[in-house]
Amino acid sequence: MGFPFELVSPERVLFSGEATEVVVPASEGEITVLAGHAPFMSSLRTGVVRIDGNKRLFVRGGFADVSATGVTLLAEQAIPVEEIDAEKVAGQIKDAEEDLRDAKTEAAKTAAADKVAALKDMLAAARQ
Amino acid sequence: MPSLKDLRNRIASVKATQKITKAMQMVAAAKLRRAQAAAEAARPYATKMEAVLANLAGGISGSDAPALLAGNGKNQVQLFIVCTAERGLCGAFNSSIVRLAREKINAALADGKTVKILCVGKKGYEQLKRQYEKHIIDVVDLRSVKQVGYVNAEEIAKRVISMFEAGEYDVATLFYSRFRSVIAQIPTAQQIVPAEVPAGEPAKAAYEYEPDEGEILTTLLPRNLTVQIFRALLENAASEQGARMSAMDNATRNAGEMIKKQTQKYNRSRQAMITKELIEIISGAEAL
């Protein structure tokens, strides 16, 4: 039995349609949502969303809203895993690490560190 | 009476201007399509976010609510975030946003409120600084940004939130132009702090929250702010291109009319000159 599932990021809608099983990286552990799940809301941690066991999308930050009418994922950043270019991301990690070393102010440092962590997570998702 | 050469020069210069306005119109049309697509792609996220927020806010009320939602109980210091374009030549686009902002600013000042202005985009700053120079706290420059991204909105939102947390203002209003169609852009004022939550129906079923409700709300609210700003920037980008397109369309048409008029004038005076010369020759020949 399926349920309507939507994955949206601020820039575009990544998935909209029926799904039978969605694995969500919730902040306190992965949860698997099947049809008829109790209403539930959680923030997301960085990780991979799996739809029906075959489609994989990398998400970072956001919320999952499971209600009687369907499941909505609001992701700050989302990209299908197969669209991640591992080499390009590796290059970006290098750049970001350089930024981190060059960062002077505390704010710039935390921003750069965040970026490095995000890119590393993305790379790990691509290599899985 | 201008000479024939003057008229010729005038026609040539109007033709050159027409070419430029025509090119600008076509560029704006191409950019509009992209900007419109971006604005439409962002809508589902914003509407979903609103729905989730309405759902959550219905459950939380009173003193539990975070300040970003309930406000800090004052409205003495008002922050106006005025989003305009970086470039001109787009009809009344910038001026109509500024006009709306000016109305609100004047009303706030007359009420004895303290006004702070944050300009996004150069054009609005240029128009506002004449009157409100001392109220403007900063200008966010997006000139180097080709396509407005979520990161741009995030930067602005971070500023706005940290200022709120530092107690630098009590109420924030966002000014931008909502894109209705190519010919209709509606200047809009939207209060973003404290967040205006649409009155949704309260959650029917008992939700389970992970982590707890309050914590989700405190992370959701800043995000909602970012999304609202992001949406404003996108709507603005689409509106700007739409306004520019119709302004340039008008300019091209006006130039066409002018060329027609001037050409007619040119031909008339040329003909008059020939006739005059002929009469001179004929009357000269008759006199012989």
Side-chain angles (χ1 to χ4, degrees), chain A residues 4-17 24-33 36-46 59-79 92 96 99 105-108 110-112 114-115 118-119, chain B residues 37-56 59-60 147-155 157-159 162 200-234:
Chain A
F5 174 65
E6 265 184 13
L7 175 55
V8 287
S9 81
E11 262 128 24
R12 60 181 171 143
V13 178
L14 285 113
F15 185 94
S16 178
V24 180
S27 56
E28 282 163 20
E30 282 200 337
I31 57 163
T32 303
V33 181
H37 197 288
F40 173 76
M41 179 177 283
S42 167
S43 51
L44 299 181
R45 62 179 165 77
T46 309
V59 293
R60 194 166 83 82
F63 296 90
D65 178 20
V66 181
S67 68
T69 51
V71 178
T72 312
L73 279 194
L74 295 171
E76 195 117 310
Q77 190 194 355
I79 180 170
Q92 283 173 340
D99 285 349
T105 62
E106 205 54 45
T110 42
D114 275 356
K115 205 172 163 197
L119 287 167
Chain B
E40 268 157 25
R43 266 179 207 158
Y45 190 86
T47 38
K48 288 278 169 199
M49 183 68 109
E50 248 166 34
V52 170
L53 195 61
N55 224 340
L56 259 175
I60 283 195
Q147 172 85 46
V148 192
Y150 191 66
V151 274
N152 304 114
E154 222 169 5
E155 255 166 54
K158 259 185 208 151
R159 259 315 273 287
S162 64
E201 71 262 43
K204 284 177 223 94
Y207 261 84
E208 254 176 71
Y209 294 94
E210 185 184 300
D212 63 80
E213 249 166 302
E215 215 164 304
I216 287 192
L217 202 54
T218 42
T219 43
L220 193 104
L221 283 167
R223 229 161 252 178
N224 177 52
L225 194 72
T226 314
V227 169
Q228 298 301 340
I229 293 175
F230 183 54
R231 178 161 71 171
L233 291 180
L234 287 176

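Residue numbering restarts at 1 for every chain, and letters A, B, ... go by the order of the sequence lines.
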*Measure the CZ-CD distance between B/Phe230 and A/Glu11 for me, rounded to the nearest 0.5 Å.*
4.5 Å
*Enter the distance from B/Lys48:NZ to A/Thr72:OG1 here, rounded to the nearest 0.5 Å.*
4.0 Å
_Part of B/Glu154 within contact of chain A (heavy atom distance under 4.5 Å)_ = side chain
*Considering non-hydrogen atoms only, spot the tightest contact between B/Pro44 and A/Val8 and give its length.*
CB-CG1, 4.2 Å
*Is it the side chain or the backbone of A/Ser9 that comes within 4.5 Å of chain B heavy atoms, both, or neither?*
backbone
_Proximity breakdown for B/Leu220 and chain A, heavy-atom pairs closer than 4.5 Å_ = both
*Any chance you could lay out the side-chain contact (heavy atoms from CB on, under 4.5 Å) test for B/Tyr150 and A/Glu76, step after step, and finish with the verdict?*
CA-CA 9 Å; B/Tyr150 191 66; A/Glu76 195 117 310; 3.4 Å; yes
*Is it the side chain or the backbone of A/Ala64 that comes within 4.5 Å of chain B heavy atoms, both, or neither?*
neither
*Tell me, for A/Ser43 versus chain B, whether the close heavy atoms (under 4.5 Å) come from the side chain, the backbone, both or neither.*
both
*Under a 4.5 Å heavy-atom cutoff, which of A/Glu6, A/Glu28, A/Arg12 has the most pairs with chain B?*
A/Glu28
*Rounded to the nearest 0.5 Å, what separation is found between the CG atom of B/Leu53 and the CG atom of A/Asp65?*
11.5 Å
